[in-house]
Amino acid sequence: MTPALWTAIVVELSPTEAVRALAGIGWEAFELSTEHLVMIAEAEAPEQAADDLRDVAEELGVAIPQAHLLIQANVAAADDEARERDLATVMRQIVLCERMGIEVGVIHPGGERPATLDEERAERARRLESFARLAGHAAQHGFALAVENMTDASRATRGALGQRSFGATIPELHELIDAVGADNVGICLDVGHGNVQGLDMAESVRQCGERLIALHIQDNDGSSDQHLAPTRGSIDWEAGIAALREIGFEGIFNLEIPGERGLPVELTLARMEGVLAATQWLLSR
Amino acid sequence: MYIGATSHVLMDAGLEGSLRAMARMGWEGVELALPHLREIANADRPEAEAERIGALVAELGMRMPQVHFEVAEMGSLDAEKRNADLTLVERHLELCVRMGIEVGILHPVGGMPADLDEYARVAQTRVDSFARVVEFAAGRGFSIAIENTYDPHGDETSAMGRRRFGSVIPDLLEVIDAVGMDNFGICLDTGHTNLQGIPVGEALRQCGGRLIATHMNDNHGHADEHIEPLRGTLDWPAAVAALREIRYEGIFNLEIGPLRGQPIEAQEAWLESVLTTARWLLAGGGVR
């Protein structure tokens, strides 16, 4: 497993600047963040921007095997117009990802906490239809979708299923993937979300099994989704990494850690040097 | 719909004292509380005691349609423990039949399985256990009500994280459908729905015709306080409206904690005020 970093750790920089800066301190693999993917998609010449990033990665000898597709996309939204708009955006991002040589796109399961069981069933149907369409589109571009696990909500939340959120457990992701029935849909395990949900990292890795195609590595103390660097929270990394090896996961060990932002870029980069060293140590044990 | 309360509301008065006091106040219904069920089962002559209590309820002009059974380990993978629990429930059920009780409430207990294999085995065991008790009950003109619970937000975790089976109504319907017998329904605990974040009107509509028993109680959304209606944050007018919408005609049973330790006169005065409030609610009070 190769340590990797999500590029929005230096969101102040352009996609190519971010990759150059992070490669400069030793990172060899990346997840292209939603922010940087949007910068590329909204550039004056998006295809050229995509080609530029691919060229920079090739020049530096680094890999960008996965991207975070539009993080705000709600492919299960009840509002048809909003859902179609998000689907169109995601499909466009998939085309650009193919151009950059990116093979996996992380996407959230979406949803709006319906007030009644009937609405909840309708939302499930919309989610399934959207994922089926996205999977078909992605297949045409040699691309795979990784559905990310979420967390249930806090006590104050209300809905037909109370605080439960679709996708907070791994069996719910399998249920969606089974229903879609396409080979190019897998799971992105966000281990920090799992920790907030009370899921043991090793157990959740095993629950994903061979469907695990992307990782969001981040830590927290279990009380909220803090997105800290590994070992700064309460996750059992030794057991979790052992489980990744047990299931034969060979993808990137990708850190998604906005909780480590907030410093000037040069200080963030210094901090990321330390995070890389710590990640390498974790993976070498 | 008629108003009742779980018999432990005047715990310090004992079962007979409680029943007499409740009848005097005008309570129409009562749920036999678990501690009282145990007392009857542990009496020198349990069958005779059960018949005496049943006759007393009738003499007082009250109805006792439901009972809270032991919190049996319905999903336990320890076959010996599970069998012992189910055997005890069956023994209690027979006593309840002698008292004229028609519905027994059970929790969907199954612990917090650590992995998916164990989770699946517990789920099947839970269905098997309910099937056994429901079938036993059917032969005695008795029904079983499975009660909703709520997800833990503390340190308790399982293969599903901080989720507990039975916290949402579709979980209960899944067990009922799997068992597939007519004498199996739901006991909705309104306080548990409030903790789970399910608006009570919606929870009742999800139960629909499967609702055969009630645990009406309030809380502030943080802990399972079992306080009387209108002392917490539950939307009581919505609850009453939904009960009427689904045409529920059974007991509006208040499962609220007793005021133990206070003089019995104070406890009775409090209980009388609770009845007045419940009557006001069912008469349409509080509708905005």
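A note on names: the letters A, B, ... follow the listed sequences, proteins ahead of strands, and every chain is numbered from 1.
When the shell of 6.0 Å around CD of B/E245 is examined, it contains more than 12 heavy atoms from other residues, nucleotides or ligands. Environment of CZ in A/R285: crowded, with over 12 heavy atoms of neighbouring residues, nucleotides or ligands closer than 6.0 Å. Other residues, nucleotides and ligands contribute more than 12 heavy atoms inside 6.0 Å of the CZ atom of B/R132. In A/E84, the CD atom is crowded: over 12 heavy atoms of neighbouring residues, nucleotides or ligands sit closer than 6.0 Å. Residue A/Q72 qualifies as enclosed at atom CD: its count of foreign heavy atoms under 6.0 Å is above 12.
For B/Y150, the part sitting under 4.5 Å from any heavy atom of chain A is the side chain, from C-beta outward, and nothing else. For A/R206, no part lies near chain B; criterion is any non-hydrogen pair under 4.5 Å. At a 4.5 Å heavy-atom cutoff, the contact between B/A114 and chain A is made by backbone atoms alone. For a residue to count as touching a neighbouring chain, one of its non-hydrogen atoms must lie under 4.5 Å from one of that chain's; by this rule A/E203 touches chain B with the side chain only. Contacts of A/T157 with chain B are made by backbone atoms alone, with heavy-atom separations under 4.5 Å and no side-chain atom involved. Neither the backbone nor the side chain of A/A156 comes within contact range of chain B, judged by heavy atoms closer than 4.5 Å. For A/S154, the part sitting under 4.5 Å from any heavy atom of chain B is the backbone (N, CA, C, O) and nothing else. Proximity to chain B (any heavy atom under 4.5 Å) is shown, for A/D118, by neither the backbone nor the side chain.
Among the residues in residues 172-192 of chain A, those with a non-hydrogen atom closer than 4.5 angstrom to a non-hydrogen atom of chain B are A/E172. By a heavy-atom distance cut of under 4.5 Å, B/T157, B/S158, B/A159, B/M160, B/G161, B/R162, B/R163, B/R164, B/S167, B/V168, B/P170, B/D171 are the residues of residues 157-184 of chain B near chain A, going up by number.
Annotation: the span from B/H153 atom NE2 to A/D152 atom CG amounts to 7.0 Å, rounded to 0.5 Å.
Of all heavy-atom pairs spanning A/G159 and B/P199, the tightest one is O-CD, 3.4 Å.
Per-residue counts of heavy-atom pairs under 4.5 Å with chain B were compared for A/G194, A/A153, A/A115; the largest is that of A/A115. Ranked by heavy-atom pairs shorter than 4.5 Å toward chain B, the options A/L117, A/T169, A/L199, A/T116 are led by A/L117.
Between the side chain of B/E202 and the main chain of A/L161, no donor-acceptor pair closer than 3.5 Å is present. Judged by distance alone, with hydrogens and angles left aside, the side-chain atoms of A/R155 form no donor-acceptor pair with the main-chain N or O of B/G197 at under 3.5 Å. The backbone N or O of B/L116 sits nowhere less than 3.5 Å from a side-chain atom of A/Q207 that would complete a donor-acceptor pair.
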